[in-house]
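One structure is given below, encoded as structure tokens.
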Amino acid sequence: MKVEIFSDVVCPWCYIGHHRLQQAVRLFEGDVEVEHRPFQLDPDGVSTGEPLLRALERKFGGAGQVAQMTARVAGVAAEDGLDLRFDRALQAGTFEAHRLIWLAERAGRGAAMAERLFRAHFTDGLNVGDSGTLAGLAAETGVEDTGEGAEQVRAELARARALGVRSVPLFLFEEKFAVSGAQPVETLVAALREVEARTAQEKATQETAGAGCDDGACAV
């Protein structure tokens, strides 16, 4: 089964969603191929090294509201064993980070690269839009940056827009069934099982429909 996860590496709910999907896949114990798809919360964002909290306060209208919002998501993340330190995080453009994930995916290390980028941004306080930082993270994860992937990432971003993806994380199962948001692990496991059952039913229906056809005629 193919599961595509649309996300951005500076999205805290995406970090939680990635973590929960990994747990769900382990519990499902079926054959699941996870593919990482890019999405940019701020397509025009640039990496200035500005503290993320300052940028959020400007966007959402004040320190009080932002403090409440970040405390809530950090609390949810902590329950999942993730350490989100918004006070250390830096605002960053993410196109190049997505390009690294695309490269890593080709080498079978997409999940590891995505996780390292999430942790770099939310825990380590690193600038995930800085070329030097990205080079170090790629090397640490065992990913060779060949410079490729920009065209492919642009195409995947365009596909996300065409599919109508407006918020992330979004999980797309078998290119047919979508689940939005950082859903609980049990919800994702249930989704995997439901898609597995539907796919099997569709296959059986197709095989049955063709079973009575031979020599240009179909039995009624």
### Query
With sequence neighbours excluded, what pairs up with K59 under the salt bridge (Lys or Arg N to Asp or Glu O under 4.0 Å) test?
none
### Query
Under a 4.5 Å cut-off applied to non-hydrogen side-chain atoms, are K176 and E202 in contact?
yes
### Message
Keeping Q91 on the side-chain end and V46 on the backbone end, is there a donor-acceptor pair under 3.5 Å?
### Response
yes
### Message
Taking the side chain as everything from C-beta on, heavy atoms only, tell me whether H121 gets closer than 4.5 Å to Y15.
### Response
no
### Query
Which pair of non-hydrogen atoms, one from C14 and one from P169, has the smallest distance, and what is that distance?
SG-N, 3.6 Å
### Task
Answer with yes or no after comparing the ring centroid distance for H18 and H36 against a 6.0 Å cut-off, counting only values under it.
yes
Which pairs would a plain distance check flag for residues 131-143, meaning a side-chain donor or acceptor within less than 3.5 Å of a matching protein atom at least two apart in sequence or in another chain?
residue : atom : partner : partner atom : Å
T133    : OG1  : D130    : OD2          : 3.0
E140    : OE2  : R116    : NE           : 2.7
T141    : OG1  : L137    : O            : 2.7

### Query
If you take all heavy atoms of F95 and Q40, which pair is closest and at what distance?
N-NE2, 3.3 Å
### Query
Atom CE in M69, atom CG in L53: separation rounded to 0.5 Å?
8.5 Å
### Query
Which pairs with one or both residues in residues 47-57 pass side-chain hydrogen bond (donor to acceptor under 3.5 Å, both in side chains), sequence neighbours excluded?
E50-R58
### Message
Quick check: do F6 and L172 have side-chain heavy atoms less than 4.5 Å from each other?
### Response
yes
## Note on the structure
Across all chains, not counting sequence neighbours, the side-chain hydrogen bond (donor to acceptor under 3.5 Å, both in side chains) partners of E151 are none
### Summary
Residues at least two apart in sequence or cross-chain that pass side-chain hydrogen bond (donor to acceptor under 3.5 Å, both in side chains) with D83, listed by chain then number, are R85
### Query
Is there side-chain contact between L82 and F118, with heavy atoms separated by less than 4.5 Å?
no
### Task
Please examine the side chains of L126 and L90, heavy atoms only from C-beta on, and report whether any two atoms are closer than 4.5 Å.
no
### Query
Under a 4.5 Å cut-off applied to non-hydrogen side-chain atoms, are R119 and D124 in contact?
yes
Extract all donor-acceptor atom pairs below 3.5 Å that involve side chains of residues 153-161 and protein atoms in other chains or at least two apart in sequence.
residue : atom : partner : partner atom : Å
R159    : NH1  : E4      : OE1          : 2.7
R159    : NH2  : E4      : OE1          : 3.3
R159    : NH2  : E4      : OE2          : 3.2

### Message
Do W13 and V76 have side chains that approach each other closer than 4.5 Å (heavy atoms only, starting at C-beta)?
### Response
yes
### Message
Checking one residue: V189. Which other hydrophobic residues are in its cluster under the side-chain 4.5 Å linking rule?
### Response
L27, V185
### Task
Locate the shortest heavy-atom distance separating G149 from W102; write the atom from each residue and the value.
CA-CE3, 3.4 Å
## Note on the structure
So salt bridge (Lys or Arg N to Asp or Glu O under 4.0 Å) across residues 179-197, not counting sequence neighbours, yields E194-R198
### Query
If you link I, L, V, M, F, W and Y whenever their side-chain heavy atoms are under 4.5 Å apart, who else ends up in the same group as L21?
M1, V3, I5, V25, F28, V32, V34, F171, F173, F177, V179, L188, L192, V195
### Query
Who passes salt bridge (Lys or Arg N to Asp or Glu O under 4.0 Å) against E148, sequence neighbours left out?
R106
### Query
Should the pair F86 and F122 be assigned to parallel (<30°), tilted (30 to 60°) or perpendicular (>60°) ring geometry?
perpendicular
### Query
Going by the side-chain hydrogen bond (donor to acceptor under 3.5 Å, both in side chains) test, which pairs reach into residues 60-82, not counting sequence neighbours?
R20-D80
### Message
When you compare the side chain of L117 with that of T94, does any pair of heavy atoms fall below 4.5 Å?
### Response
no
#### Entry: Heavy-atom pair with the smallest gap, counting every atom of P12 and L84
CB-CD2, 3.7 Å
### Summary
In short, C11 meets L41 closest at the heavy-atom pair CB-CD1, 3.7 Å
### Closest non-hydrogen atom pair, A97 against V9
CB-CG2, 4.0 Å
### Task
Scan for salt bridge (Lys or Arg N to Asp or Glu O under 4.0 Å) pairs involving residues 23-35, sequence neighbours excluded, and state none if there are none.
E35-R37
### Query
Is there a donor-acceptor pair under 3.5 Å between the side chain of E96 and the backbone N or O of G129?
no
